[in-house]
Amino acid sequence: MLQERIVHIKEEGEKALQTVKTAIELAAWEVKYLGRKSELNNLLKGLKDLTPEEKQIIGPQANDTKQSLLRAFDAVKEAFLENSVDWEKERIDVTAPGVSVARGHLHPITQIEHEIEDIFSEMGFEIADGPEVETEHYNFDALNVPADHPARDMQDTFWLKTINNQQSTIDRKNTKQERLLLRTQTSPVQVRYMEKHTPPLRIVVPGRVFRNESTDASHEHTFHQFECLMVGDDVTVANFKWVAETFFSRFFGKKIDIRLRPSFFPFTEPSFEFDISCTLCNGEGCPVCKQSGWLELGGAGMVNQKVFEAAGYRQGKYQGFAWGFGTTRLAMMKYKITDIRLIMSGDLRFIRQF
Ligand code: FA5
């Protein structure tokens with residue numbers, strides 16, 4: 001009786017498999033003839049209840065049937081897979097040229113800033129940061145630029161409009177209403193940093209600054225500067241000169257000529273301007289260096305004791321040098337860019353070259 005039933009399952013299963021046309025039908029067939037609740041499986045589970053003699057006959061027969069149906073199922077499944085793939089489409093031509101992936105990259109100014117930060121970090125400087133929207137106090141007052149002093153006009157300023165006829169304030173807790181501006185230099189970060197730290201200190205401050213001035217090949221209204229400040233008990237101009245020469249020589253990978261000229265900044269005393277030989281024309285004269293062979297890179301000097309005082313240090317206790325230079329101008333020299341206005345133009349044809 002059982003033997004006949006098994007033969008019947010086998011015949012029925014094989015017949016049903018021949019009519020299967022879709023993957024769904026094949027899955028249903030598998031459940032019906034090979035699944036956990038299939039008749040054949042129940043039969044196999046019931047073998048334990050048979051007599052030893054019956055087991056000897058029924059056992060092998062049921063197992064053979066299961067294996068046979070499984071083989072038949074696998075063969076049909078394989079055929080299904082084979083037919084469902086369009087091998088012509090799937091063919092991979094390993095000799096075909098690759099498709100290049102468009103990759104973005106950092107803006108040249110950011111690249112230069114990273115390079116500068118690396119060089120200064122190696123010399124033991126810390127990287128500091130400050131706000132682009134600054135108070136009049138930090139941008140001018142604390143840097144020893146009195147309200148009516150003509151030095152305040154040295155850097156034309158973008159003042160921020162007042163809100164609701166009130167002067168806007170950057171610090172709402174501050175009851176003194178302060179005028180806000182777009183910082184004209186990175187120097188305000190000197191005071192902000194010194195207020196929170198005690199010498200000895202060495203910092204560099206990369207950042208964007210703004211000036212309300214007309215543009216030409218070497219002047220922009222929005223550009224980048226890099227401030228450098230070193231304060232201690234006995235920091236001198238000699239330290240400045242060594243740091244400047246070491247930095248520029250490492251940056252350009254060769255010995256660079258530096259020229260110091262006496263100058264005036266309210267926040268340094270004595271003050272000087274420093275130029276480096278124009279790497280674009282090698283000192284021959286070109287539109288960028290205004291035919292002089294030199295490029296004005298920055299201002300520097302020994303920190304005015306009044307600035308130390310504004311930061312909360314006792315007058316005469318420390319001495320140090322400060323230095324601010326145009327990162328954008330440095331980028332122009334490095335990449336031989338003849339017009340500064342290209343740098344922040346957003347023109348991708350220009351940016352993609354770096
Ligand atoms: C300053 O901004 C001072 N804060 C620098 C300083 C810092 C002096 C610490 C002393 C101590 P100055 O206005 O000269 O100085 O600007 C510094 C540099 O910024 C210039 O030498 C130049 O390289 C760059 N720069 C100035 N104006 C522009 C501009 N419109 N476009 C591009 N770069 C500019």
Side-chain angles (χ1 to χ4, degrees), residues 109 112 116 128 130 134 138-140 142-145 150-158 181-194 202-231 235 237 239-240 243-244 248 258-276 278-280 288-290 292 294-308 311 319-334 337-345:
I109 293 293
I112 295 268
I116 295 169
E134 190 50 282
Y138 284 109
N139 199 79
F140 290 126
L143 291 171
N144 189 36
V145 190
R152 204 169 283 229
D153 302 329
M154 281 165 67
Q155 301 166 356
D156 297 312
T157 309
F158 284 115
L181 47 87
L182 293 181
R183 67 175 175 194
T184 59
Q185 49 189 346
T186 42
S187 301
V189 186
Q190 285 184 30
V191 182
R192 285 185 175 278
Y193 187 89
M194 287 195 289
R202 272 177 289 186
I203 58 162
V204 278
V205 186
R208 194 163 56 153
V209 301
F210 311 83
R211 292 199 190 168
N212 191 358
E213 61 177 67
S214 42
T215 61
D216 61 28
S218 53
H219 290 85
E220 254 291 18
H221 49 72
T222 303
F223 59 98
H224 287 70
Q225 279 191 343
F226 211 88
E227 197 84 4
C228 176
L229 174 73
M230 180 168 170
V231 182
V235 176
V237 177
N239 295 115
F240 161 71
V243 170
F248 285 111
I258 295 182
R259 181 170 83 166
L260 295 185
R261 288 178 284 116
S263 185
F264 169 75
F265 293 101
F267 30 94
T268 46
E269 182 56 38
S271 305
F272 23 85
E273 234 51 64
F274 65 91
D275 306 333
I276 70 168
C278 180
T279 52
L280 207 71
V288 170
C289 63
K290 298 206 175 88
S292 70
W294 293 92
L295 237 134
E296 174 201 324
L297 252 197
M302 298 306 290
V303 180
N304 193 314
Q305 289 297 328
K306 288 193 177 144
V307 176
F308 283 147
Q319 54 188 43
F321 72 76
W323 165 27
F325 65 74
T327 316
T328 313
R329 297 247 170 101
L330 207 57
M332 291 173 79
M333 277 185 275
K334 178 152 181 130
I337 300 162
T338 51
D339 195 322
I340 194 170
R341 290 163 294 195
L342 285 166
I343 295 177
M344 302 301 275
S345 66

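Just so you know, ligand 1 is whichever comes first in the structure, and atom 1 is the first atom listed for that ligand. Note that this is a predicted model, so its numbers are computed, not measured.
- The shell of residues lying under 4.0 angstrom from ligand 1, judged by heavy atoms, includes Leu297.
- For a threshold of 3.5 Å applied to N or O pairs, the pair formed by Ser187 and ligand 1 contains at least one separation below that value.
- Residue Glu220 has at least one N or O atom closer than 3.5 Å to an N or O atom of ligand 1.
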message: Test side chain to side chain contact (heavy atoms under 4.5 Å, CB included) on Val204 and Glu227; report intermediate values, then the result.
response: CA-CA 5 Å; Val204 278; Glu227 197 84 4; over 6 Å; no
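- Ring geometry for Phe226 versus Phe325: interplanar angle under 30°, hence parallel rather than tilted (30 to 60°).
- Within ligand 1, counting atoms from 1 as listed, the ones closer than 4.0 Å to a heavy atom of Ala300 are 8 (C), 10 (C), 11 (C).
- Near Gly326, meaning under 4.0 Å from one of its heavy atoms, ligand 1 places the atoms 18 (C), 19 (O), 23 (O), 24 (C).
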message: Before you tell me yes or no, could you show the steps for Phe265 and Glu273 under side chain to side chain contact (heavy atoms under 4.5 Å, CB included), namely the whole-Å CA-CA distance, both residues' side-chain angles and the distance that decides it to 0.1 Å?
response: CA-CA 9 Å; Phe265 293 101; Glu273 234 51 64; 4.1 Å; yes
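- Between atom 15 (O) of ligand 1 and the options Phe226, Phe265, Phe325, Phe223, the minimum heavy-atom separation is to Phe265.
- On a distance-only criterion, Gln225 and ligand 1 share at least one N/O pair closer than 3.5 Å.
- At a 4.0 Å cut-off, at least one heavy atom of Ser218 sits close enough to ligand 1 to count as contact.
- Under a cut-off of 6.0 angstrom, the local environment of NZ in Lys306 is sparse, with at most 12 non-hydrogen atoms contributed by other residues, nucleotides or ligands.
- Residues Arg259 and Asp275 are paired through a salt bridge, judged by an N-O separation under 4.0 Å between the basic side chain and the carboxylate.
- One N or O on the side chain of Gln185 and one on the backbone of Asn139 form a donor-acceptor pair closer than 3.5 Å.
- An N or O contact shorter than 3.5 Å is missing between Trp323 and ligand 1 by distance.
- Of all the heavy atoms of His219, the ones lying under 4.0 Å from any atom of ligand 1 are found in both the backbone and the side chain.
- Residue Arg211 has at least one nitrogen or oxygen atom sitting less than 3.5 Å from a nitrogen or oxygen atom of ligand 1, judged on distance alone.
- Remark: the backbone N or O of Thr186 is paired with a side-chain donor or acceptor of Gln225 at under 3.5 angstrom.
- Electrostatic pairing of Arg192 and Glu134 counts as a salt bridge here, judged by a charged N lying under 4.0 Å from a carboxylate O.
- For ligand 1, the polar-atom distance check against Glu213 finds a nitrogen or oxygen pair separated by under 3.5 Å.
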